[in-house]
Engineer: 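Once you've had a glance at the structure underneath, I'll fire off some questions.
These numbers come from a predicted model, not from an experiment. Here, residue 1 is the first one in the sequence, and each next residue gets the next number.
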Amino acid sequence: MKKTLIWIGTVIGAGAVMAMAFNLLERNAIVRTVSVNGECITTFKKDKTAITLRVTTLAPTAAESMKMATEKASQITKQLETLPVEMQTTQFNSYEKTEWNRDAQKSVTLGIETTIAIEVSANGMTTIETVLAQFAGQNDIYTENLRMYASPAITKAALEKCLGDATENARVRATAMAAGDGRQVGKMLSVSYGTQTTDVAVPAYGLMRTKMNVAEAAAMDTAGTIVGKDAELSVSVSAIFEIK
């Protein structure tokens, strides 16, 4: 009986020691962390310029209207083949055009109108100015949506660099916070980020003063020049670091 009690007491004692050990391991397994935000703001140049050439034709029938528009669009693309530009058709539709006749007090059909829009893009402004000068004032051709934008390669490079800077900014903040408690920053455990891109107005290339229909498409200053805009990119990261 006495030996049985000793054996039971030994088992209980060993169990208590193991429980204490597990509690100690559990406390040591708790990872101390710090959560911080990091930011980066940068600007980058818009290296591409684009404009839309819109062909609009009106004829009594759809067949005539589409034939006229297609022939005009083909002439445009053939002329543009001699320039270092990229082209793509962004619109092609035909519809019945009507207008209100005040005398008859009813809507009357004018014919079938066909529209073909061709987006033309190039590196820089010089080539697009050539396009504007070449097609300005031609019948049934309208220029619109003149704009500058950054190519995917430029945007990707700016994003990657700013993301790295924002992450490093977060680590610097985490290091300062950990140092205040006499600790050091370890590895990054998780991170998420968000981006926002806005335009920054800057003086841009001068526009040749030719007769063209771009009033609603291009922002013009008092001197008659295109107002270019750089892209401003802001990146915000939220990171969690281990502290030791």
Side-chain angles (χ1 to χ4, degrees), residues 21-52 84-88 90-91 117 119-128 144-207 216-221 225-244:
F22 281 127
N23 288 335
L24 181 61
L25 290 174
E26 186 177 355
R27 287 197 299 270
N28 290 337
I30 297 176
V31 179
R32 295 178 180 272
T33 62
V34 59
S35 178
V36 294
N37 292 326
E39 291 87 25
C40 168
I41 298 178
T42 187
T43 58
F44 55 96
K45 294 291 184 182
K46 295 183 178 181
D47 59 327
K48 304 283 286 185
T49 305
I51 195 167
T52 298
V85 299
E86 297 176 3
M87 294 176 285
Q88 64 174 339
T90 58
Q91 181 184 7
E119 182 184 81
V120 184
S121 60
N123 295 327
M125 176 62 69
T126 305
T127 302
I128 296 302
E144 58 191 15
N145 197 21
L146 177 63
R147 65 197 184 282
M148 300 175 68
Y149 65 97
S151 61
I154 295 293
T155 303
K156 181 175 180 291
L159 174 59
E160 290 179 348
K161 184 179 184 307
C162 200
L163 183 57
D165 291 344
T167 303
E168 181 59 28
N169 178 243
R171 178 174 286 277
V172 169
R173 292 181 177 181
T175 300
M177 294 176 67
D181 195 30
R183 296 181 177 275
Q184 294 181 337
V185 171
K187 62 183 179 180
M188 184 170 62
L189 301 178
S190 68
V191 64
S192 61
Y193 74 95
T195 65
Q196 182 177 2
T197 304
T198 56
D199 291 332
V200 181
V202 295
Y205 202 93
L207 176 66
E216 71 277 9
M220 308 290 283
D221 64 15
T225 58
I226 295 177
V227 177
K229 293 183 178 181
D230 286 347
E232 181 179 86
L233 172 68
S234 62
V235 176
S236 176
V237 302
S238 178
I240 298 177
F241 293 91
E242 178 186 14
I243 58 174
K244 303 177 181 179

Engineer: Kindly determine whether K48 and N123 satisfy side chain to side chain contact (heavy atoms under 4.5 Å, CB included), including the steps that lead there.
Structural biologist: CA-CA 5 Å; K48 304 283 286 185; N123 295 327; 3.2 Å; yes
Engineer: Please enumerate all residues that pass side chain to side chain contact (heavy atoms under 4.5 Å, CB included) together with V191, with sequence neighbours excluded.
Structural biologist: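 Only M188, V237, A239 meet the side chain to side chain contact (heavy atoms under 4.5 Å, CB included) criterion with V191.
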Engineer: Which atom names give the shortest non-hydrogen contact between F241 and A174, and what distance separates them?
Structural biologist: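 Distance-wise, the nearest heavy atoms are CD1-CB, 3.6 Å.
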Engineer: Check V120 against I128 and note the closest heavy-atom contact, atom names and distance.
Structural biologist: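 Smallest interatomic distance, heavy atoms only, reads O-CD1, 3.8 Å.
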Engineer: Locate the shortest heavy-atom distance separating I51 from R147; write the atom from each residue and the value.
Structural biologist: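 For I51 versus R147, the nearest heavy atoms are N-NH1, 4.4 Å.
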Engineer: For a quick test of reading the model, state the closest non-hydrogen atom pair linking A178 to V185 and the distance between them.
Structural biologist: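 Looking at all heavy atoms of both residues, the shortest contact is CB-CG2, 3.9 Å.
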Engineer: If you count the non-hydrogen atoms of other residues, nucleotides and ligands that lie under 6.0 Å from OH in Y149, is the total more than 12?
Structural biologist: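 Result for OH/Y149: enclosed.
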Engineer: By side chain to side chain contact (heavy atoms under 4.5 Å, CB included), which residues pair with S236, not counting sequence neighbours?
Structural biologist: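 Counting only residues at least two positions away or on another chain, S236 forms a side chain to side chain contact (heavy atoms under 4.5 Å, CB included) with E39.
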Engineer: For M148 versus T49, what's the shortest heavy-atom pair and its separation?
Structural biologist: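 Reported closest heavy-atom pair: CG-OG1, 4.0 Å.
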Engineer: Is Q91 atom CD crowded by more than 12 heavy atoms from other residues, nucleotides or ligands, each under 6.0 Å away?
Structural biologist: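 For Q91, atom CD is crowded (more than 12 foreign heavy atoms under 6.0 Å).
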Engineer: Provide the closest heavy-atom pair for N169 versus N37 in the form atom of the first, atom of the second, distance.
Structural biologist: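 Minimum heavy-atom contact is OD1-O, 4.2 Å.
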Engineer: So that I can tick it off, tell me whether D181 and R183 are bridged by a salt bridge, with the cut-off set at under 4.0 angstrom between side-chain N and carboxylate O.
Structural biologist: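 So R183 pairs with D181 through a salt bridge.
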Engineer: Show me the side-chain donor-acceptor pairs of residues 153-164 shorter than 3.5 Å, one per line, residues at least two apart or across chains.
Structural biologist:
residue, atom, partner, partner atom, Å
T155, OG1, S151, O, 3.2
K156, NZ, E160, OE2, 2.6
K161, NZ, D165, OD2, 3.1

Engineer: What is the distance from atom CG of L189 to atom CD of E242, rounded to the nearest 0.5 Å?
Structural biologist: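 Between L189 CG and E242 CD, I get 6.0 Å after rounding to 0.5 Å.
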